[in-house]
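Working notes, beginning with the structure itself.
Small disclaimer: the values here were computed from a predicted structure and weren't measured. For the single chain, residues carry numbers from 1 onward in sequence order. Side-chain atoms are counted along with the backbone in the values below, which use heavy atoms only and exclude waters and symmetry mates.
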Amino acid sequence: MSTKDMLRVLVVDDMSTSRGLIIQALEWMGIASIDHCADGRTALQKLAATPAHMVISDYNMPEMDGLQLLQTLRGNTQFARTGFILITGTADPAVIDRGRQLGMNNFLKKPFSPTALRACIERVVGPL
């Protein structure tokens, strides 16, 4: 069984259009186990109910941004090893540095192509 057949991904983005584009790209890659939600708090609830191998999260979200979600995940032993990719419209070096300090596995700048997302994921999990 290939990595893409086993990989469970949770997409977190407050913008439904962005969520849709990410999900479309994941489906194009052949990843079948995809869940999604619009905010960090719901993401934590979903992960508690059904753990995922990887979280792909937008940075700029209300209430709990992507880095706050990452920090919460890394602070919980149940989720500390969950892969985390941050997607951001501005690749602000301070945001990226903070993400790295918190244990982010990779990041991607918006807008992105499905091929760029695939390469970003493969740098975390290996060939799909």
Looking at side-chain heavy atoms only, is the closest gap between [X] and [Y] below 4.5 Å?
X	Y	value
L73	F84	yes
V95	T90	no
V55	I85	no
M64	T72	yes
N76	L44	no
E122	T3	no
P62	D14	yes

Can you tell me how far [atom2] of [Y] sits from [atom1] of [X], rounded to the nearest 0.5 angstrom?
X	Y	atom1	atom2	value
D97	D92	CG	CG	8.5 Å
L67	R74	CG	CZ	11.5 Å
L10	I34	CG	CD1	11.0 Å
D35	T50	CG	OG1	7.0 Å
M29	T115	CE	OG1	8.0 Å
T42	M61	OG1	CE	10.0 Å

Taking only Lys NZ, Arg NE, NH1 and NH2, and the carboxylate oxygens of Asp or Glu, determine whether D58 and K110 approach each other closer than 4.0 Å.
yes

Any salt bridge between D65 and R98, counting N to O under 4.0 Å?
no

Apply side-chain contact (heavy atoms from CB on, under 4.5 Å) to the pair R118 and I121, showing each step before the final yes or no.
CA-CA 5 Å; R118 181 184 186 117; I121 291 169; 5.8 Å; no

To check you understand the geometry: which heavy-atom pair defines the closest contact between [X] and [Y], and what is its length?
X	Y	result
V124	M54	CG1-CE, 3.6 Å
A48	Q78	O-NE2, 4.3 Å
A52	R8	CB-O, 3.5 Å
G40	L69	O-CD1, 3.8 Å
K46	C37	CE-CB, 3.8 Å

side-chain contact (heavy atoms from CB on, under 4.5 Å) evaluation trace for V12 with I56:
CA-CA 6 Å; V12 187; I56 299 175; over 6 Å; no

Would you say the side-chain atoms of [X] pair up with the backbone N or O of [Y], donor to acceptor, closer than 3.5 Å?
X	Y	result
R19	D13	yes
H36	V11	no
E63	D39	no
N106	C120	yes

If two hydrophobic side chains count as joined below 4.5 Å and joins carry through other members, does [X] share a cluster with [Y]?
X	Y	result
W28	L117	yes
I31	M6	no
L108	L26	yes
I87	I96	no

What do you reckon, is CD of Q24 surrounded by more than 12 foreign heavy atoms closer than 6.0 Å?
no

Show, in sequence, the C-alpha distance, side-chain angles and deciding distance for F79 and L47, and conclude whether the side-chain contact (heavy atoms from CB on, under 4.5 Å) test is met.
CA-CA 8 Å; F79 308 120; L47 289 168; 3.7 Å; yes

